[in-house]
Amino acid sequence: MNRIILHIDMDAFFAQVEERENPQFKGKPVVVGADPKGGSGRGVVSTANYVARKYGIHSALPISKAYELCPKAIFLPVNMELYQKVSENIMEIIKKYSSKWEIVSLDEAYLDLSHIFYDRKKCGIRCGWERAKRIAKKLKEEILEKEKLTSTVGIGPNKLIAKMAAEKVKPNGLLVIKPNQVKNFLEPLDIEDLPGIGPKTAERLRPLSVNTIKELKKLSKTKLKDTFGVVGETIYERARGIDEEEVSPEEIIKSIGKEHTFEKDTRDPEILFSTFEKIIKNVHQELTANKFSFKTITVICRFQGFETHTKSKTLKNPTQDLEILKSEAKKFLLKFLLENKKPVRLIGLRVRIW
DNA sequence: AATTCATTATCAC
DNA sequence: CTAACGGTGATAATGAATT
């Protein structure tokens with residue numbers, strides 16, 4: 001079945017919302033994320049607006065580096081409640097454009113517009129893509145009108161192409177890639193532009209003289225499968241623009257967790273255990289609020305130097321008992337401290353839902 | 001021998 | 001000291017433990 005899939009992505013979402021709320025920020029570099037603390041902050045950048053990006057600041061960049069690149073930027077904490085509220089409004093708008101939608105995150109969604117091929121007699125199959133483009137313009141306009149925020153839309157024959165198209169024309173862009181354009185669109189792109197190829201995978205491909213998708217396509221399915229396993233096969237398909245993933249709002253949570261990075265690495269048991277206690281309670285709270293039981297408990301401990309370890313235990317039977325969670329989790333933390341004498345950077349707890 | 005469990009690695013947002 | 005590196009969640013690989 002031929003499809004028309006739309007992907008919409010809000011431009012520098014968190015930063016743009018902050019700019020909307022504080023018009024005096026317009027034209028200035030805005031960085032939403034951890035507190036830089038005069039250069040000693042430990043977190044990362046959540047979102048940088050496009051002015052800040054000119055300084056080389058981007059998502060996931062350590063906030064200390066961001067501060068170094070542009071100390072005069074406006075640094076703001078993440079106001080998640082605000083973004084959540086704005087996101088809900090936007091998603092309500094998006095959902096009106098097709099009954100087949102999928103919310104990916106606070107600022108991203110897919111729409112399946114395939115129905116426009118059929119639902120108007122006088123419009124033959126030929127004009128489907130033109131109509132999709134009109135719809136996208138309308139959607140972008142409505143969001144700008146009602147929420148005063150710009151977005152970028154990509155349209156393609158599947159989710160993969162729609163997403164990659166949007167990625168290429170940010171910010172405030174609109175790009176339609178029809179089936180016969182997929183090959184030319186993909187081939188010149190860098191391998192890291194392909195969803196699923198991150199820094200590690202790219203690092204292994206570049207020495208093989210594989211830097212573009214065109215070059216990636218020279219590798220056989222067998223070679224990719226042997227080198228990268230299941231992911232390798234997916235990469236093979238994606239490099240050819242093949243993606244059959246449906247647009248659907250499935251959302252089955254499989255695990256819940258909380259973690260915390262300390263301001264300074266520490267071995268102080270008071271700090272470690274009181275923080276861990278809060279984490280445990282938070283996880284349990286989340287659990288009971290959703291009437292979930294858990295069966296597997298995983299404790300994460302990251303030491304100085306970023307050395308990260310996990311310990312996990314699967315219970316005989318699923319339970320909701322806070323006391324079991326507490327005692328098992330604390331046992332693990334204690335073990336970590338006995339096994340490893342380094343100061344602790346992060347502790348975390350995750351449970352697999354039953 | 002097959003399945004589950006524990007751990008690490010990688011990716012995305 | 002020469003990188004800096006959050007929080008949340010998913011999935012896969014691999015080897016060990018269990019059934």
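Here is how names work: the chains are called A, B, and so on, in the same order as the sequence lines, proteins then strands, and each is numbered from 1. Note that this is a predicted model, so its numbers are computed, not measured.
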(message) On the six-membered ring of A/Phe336, is A/Lys311 placed so that its NZ or CZ lies under 6.0 angstrom from the centre and within 45° of the ring axis?
(response) yes
(message) Does A/Arg240 qualify as a cation-pi partner of A/Tyr236, given the criterion of NZ or CZ under 6.0 Å from the six-membered ring centre and within 45 degrees of its axis?
(response) yes
Calculate the interatomic distance between [X] atom [atom1] and [N] atom [atom2]; express it in whole Å.
X	N	atom1	atom2	result
A/Arg352	C/dT8	CZ	P	17 Å
A/Asp11	B/dC13	CG	P	15 Å
A/Ile103	B/dC13	CD1	C1'	15 Å

Listed nucleotide nearest any side-chain atom of [X], set [options]:
X	options	answer
A/Pro195	C/dA10, B/dT8, B/dA12	B/dA12
A/Thr296	B/dA6, C/dT8, B/dT8	B/dA6
A/Ser64	C/dG9, B/dA6, C/dA4	C/dA4
A/Lys200	B/dT10, C/dG6, B/dT7	B/dT10
A/Glu108	C/dT8, C/dA4, B/dC13	B/dC13
A/Lys313	C/dC5, B/dC13, B/dA6	B/dA6
A/Thr310	C/dA4, B/dT8, C/dA10	B/dT8
A/Ser312	C/dG9, B/dA6, C/dC5	B/dA6
A/Val231	C/dA12, C/dC5, B/dC5	C/dA12
A/Val230	C/dA12, B/dT7, B/dC11	C/dA12

(request) Would you mind classifying the nucleic acid contact of A/Leu106 as base, sugar-phosphate or nothing, using non-hydrogen atoms under 4.0 angstrom? (result) nothing
(message) Return whichever of A/His309 or A/Thr201 has its heavy-atom-nearest nucleotide of DNA chain B closer to the 5' end.
(response) A/His309
(request) For nucleotides B/dT10 and C/dC5, find the distance between their C1' atoms and express it as a whole number of Å. (result) 15 Å
(request) Would you mind telling me which residue lines up with the more 5' stretch of DNA chain C, A/Ile252 or A/Phe228, judged by nearest nucleotide? (result) A/Ile252
(message) Both A/Lys254 and A/Val44 contact DNA chain C. Which one's nearest nucleotide lies toward the 5' end?
(response) A/Val44
(message) How close do A/Tyr97 and A/Leu111 get, counting heavy atoms only, and between which atoms?
(response) CB-CD1, 3.6 Å
(request) Identify the heavy atoms of A/Thr150 and A/Leu144 that sit nearest to each other, and give their distance. (result) CG2-CD1, 4.0 Å
(request) State whether A/Lys163 places a side-chain N or O below 4.0 Å from either non-bridging phosphate oxygen (OP1 or OP2) of B/dC13. (result) yes
(message) At less than 4.0 Å, is any side-chain N or O atom of A/Arg350 found next to OP1 or OP2 of C/dG9? Yes or no.
(response) yes
(request) Using a strict cut-off of less than 4.0 Å between a Lys/Arg side-chain nitrogen and an Asp/Glu carboxylate oxygen, indicate whether A/Lys159 and A/Glu246 qualify as a salt bridge. (result) no
